[in-house]
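Read the structure below first, then the notes.
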Amino acid sequence: MRVMTVKLCYFAWVRERVGKGEEVVELPEGIGSVADLVAWLRSRGPEYAAAFQRADVIRAAIDRTHVKPTAAIAGAREIAFFPPVTGG
Amino acid sequence: MRVMTVKLCYFAWVRERVGKGEEVVELPEGIGSVADLVAWLRSRGPEYAAAFQRADVIRAAIDRTHVKPTAAIAGAREIAFFPPVTGG
Amino acid sequence: MAVRVQREPFDIGAEVARLIAGRTDIGAVVTFSGLVRDVNDGRRVTAIWLEHYPGMTEEELARVEAEAQLRWPLQASLVMHRYGKLSPGETIVLVVTASAHRQAAFEAAEFLMDYLKTRAPFWKKEEMGAQGGQWVEARQSDDAAAARWDRR
Amino acid sequence: MAVRVQREPFDIGAEVARLIAGRTDIGAVVTFSGLVRDVNDGRRVTAIWLEHYPGMTEEELARVEAEAQLRWPLQASLVMHRYGKLSPGETIVLVVTASAHRQAAFEAAEFLMDYLKTRAPFWKKEEMGAQGGQWVEARQSDDAAAARWDRR
């Protein structure tokens with residue numbers, strides 16, 4: 001089975017709920033989009049379920065560029081999840 | 001005959017054409033508005049005729065407040081004439 | 001809430017620092033600085049001479065500032081304008097607005113500049129070296145910029 | 001044309017002075033400073049903690065700045081943003097724009113702030129003394145402010 005290794009980063013309350021700022025994971029086959037990845041993450045345990053419960057408000061970036069949930073993750077080295085930004 | 005004594009101030013190219021920055025004048029009766037005053041000034045000599053030739057672009061202030069040509073001058077202590085402002 | 005008309009240069013950092021010193025209720029500060037350019041409408045400018053109407057200048061700037069405070073919830077504001085001879089690169093005018101939120105600060109600063117440009121009794125003469133001097137003509141675009149606030 | 005992300009405070013006067021030093025083609029400089037307020041939406045705030053995404057923050061701010069330069073004729077621009085712990089009255093963000101004319105400088109500064117607010121990866125946590133901390137929720141008004149530039 002082909003696996004994809006990717007670094008995941010979490011920020012703000014997503015980070016607090018997951019309980020870590022980053023991790024390297026091996027993704028099983030069949031995870032094509034950011035939305036697929038979120039669904040898979042939710043199945044990894046209660047801390048992930050809590051962090052990704054409000055999937056509609058979670059934003060994502062692939063290799064430091066904002067992306068939509070439908071974005072393909074093929075080739076990504078770093079995928080980040082975070083709440084809507086509140087800087088400025 | 002009732003005369004009105006008033007200080008007149010000139011700025012920018014109005015000042016340069018009149019040849020002075022200010023003067024005190026006694027106005028004859030019958031000068032009710034700023035426009036009347038401009039017409040009277042134009043009759044005072046070639047330097048005034050040159051300064052007030054383009055009466056439509058000349059602005060006026062009575063006692064340091066912008067006014068229109070139709071403004072009454074009764075009671076004015078200081079009347080100023082100048083081109084459209086170009087500060088900032 | 002202050003208006004200052006002076007020959008001397010001003011220090012934007014010091015003015016902003018003074019405005020916000022000890023305040024913890026201000027969320028947004030906008031500044032506008034207007035500078036002398038060495039080329040204006042294609043003419044080479046070596047210096048400008050700013051004439052003004054002492055007395056009326058301060059009163060008119062205060063009226064413009066009071067109007068801005070009526071229209072926006074400003075916590076502080078400052079309008080400074082220089083007169084006399086200024087060289088390219090020098091600051092002519094400084095407007096500072098402070099508010100809880102950024103939209104009010106931005107709008108009030110634009111309003112102050114637009115109104116000041118059409119109301120404050122200043123006149124610029126451009127010096128062009130050997131070619132002498134020339135009074136700057138008022139811009140229709142400045143009238144249009146000021147007029148957009150009439151609708152509000 | 002510069003972006004800086006840092007813990008340390010910045011000096012608005014020094015930044016503007018550096019931006020315009022030796023320039024005689026700039027006619028207008030607009031600055032926006034965003035400050036920490038001690039009350040936000042009725043909540044008493046003793047300090048804020050700004051988390052960011054190192055690496056992406058700089059890249060995203062540079063993209064926002066590049067977009068502003070495409071849209072307006074800017075002669076210089078600067079975006080500075082702090083992270084870490086900040087107290088009420090401290091400056092969080094500084095945007096500076098310079099152009100020949102004031103409208104471009106004002107619009108570009110507003111655009112930079114609106115875009116930065118919805119795109120730069122920063123997250124604020126408010127500390128409220130004994131009541132602990134709370135992540136600030138994004139404002140719909142910020143999305144609306146950013147969306148107004150989409151039509152152009």
Side-chain angles (χ1 to χ4, degrees), chain A residues 5-25 33-35 37-38 41 46-88, chain D residues 3 5 32-36 40-41 48-64 79-84 86 91-95 109-126 132-143 145-146:
Chain A
T5 301
V6 68
K7 180 179 167 187
L8 301 182
C9 303
Y10 311 111
F11 293 96
W13 54 254
V14 178
R15 172 181 55 71
E16 288 181 341
R17 291 182 192 176
V18 169
K20 55 186 127 184
E22 57 181 66
E23 62 182 323
V24 175
V25 296
S33 69
V34 168
L37 176 54
V38 168
L41 284 168
E47 69 276 30
Y48 290 93
F52 291 93
Q53 187 181 7
R54 295 165 63 195
D56 56 316
V57 301
I58 296 207
R59 302 290 182 265
I62 292 182
D63 294 336
R64 303 178 173 179
T65 301
H66 289 291
V67 295
K68 298 196 163 145
T70 52
I73 63 167
R77 283 170 301 170
E78 183 174 300
I79 304 178
F81 294 101
F82 42 79
V85 302
T86 55
Chain D
V3 160
V5 181
F32 176 88
S33 306
L35 283 69
V36 183
N40 191 22
D41 289 338
I48 65 164
W49 176 264
L50 261 164
E51 180 171 335
H52 79 119
Y53 183 172
M56 178 168 170
T57 308
E58 292 81 352
E59 289 181 21
E60 192 63 30
L61 290 177
R63 282 190 283 267
V64 170
V79 179
M80 299 183 74
H81 206 299
R82 291 174 70 190
Y83 64 92
L86 298 171
T91 301
I92 305 169
V93 60
L94 173 66
V95 157
E110 290 191 64
F111 170 86
L112 284 169
M113 280 308 304
D114 288 345
Y115 255 47
L116 175 163
K117 280 253 180 192
T118 57
R119 303 187 66 89
F122 286 96
W123 301 274
K124 278 194 198 91
K125 192 173 199 173
E126 292 174 349
Q134 180 178 314
W135 290 101
V136 174
E137 290 216 31
R139 291 173 185 275
Q140 290 214 308
S141 60
D142 285 334
D143 289 336

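Every chain is numbered from 1, with letters handed out A, B, ... down the list of sequences.
Atom CD of Glu58(D) is separated from atom CZ of Arg64(A) by 8.0 Å, given to the nearest 0.5 angstrom. Interatomic distance, Phe11(A) CZ to Tyr53(D) OH, rounded to the nearest 0.5 Å: 5.5 Å.
Counting heavy-atom pairs closer than 4.5 Å to chain D, the top-ranked of the candidates Glu78(A), Arg59(A), His66(A) is His66(A). Ranked by heavy-atom pairs shorter than 4.5 Å toward chain A, the options Glu137(D), Glu51(D), Glu60(D), His81(D) are led by Glu51(D).
Closest heavy-atom contact between Lys125(D) and Glu16(A): NZ-OE2, 2.5 Å.
For Tyr48(A), the ring pair (Phe, Tyr, Trp, His ring centres under 6.0 Å) criterion is met by no residue, not counting sequence neighbours.
Heavy-atom distances place both the backbone and the side chain of Arg119(D) under 4.5 Å from chain A. Contact annotation for Lys124(D): both backbone and side-chain heavy atoms come within less than 4.5 Å of a heavy atom of chain A.
Scanning residues 79-88 of chain A against chain D with a 4.5 Å non-hydrogen threshold yields Ala80(A), Phe82(A), Pro83(A), Pro84(A), Val85(A), Thr86(A), Gly87(A), Gly88(A), sorted by number.
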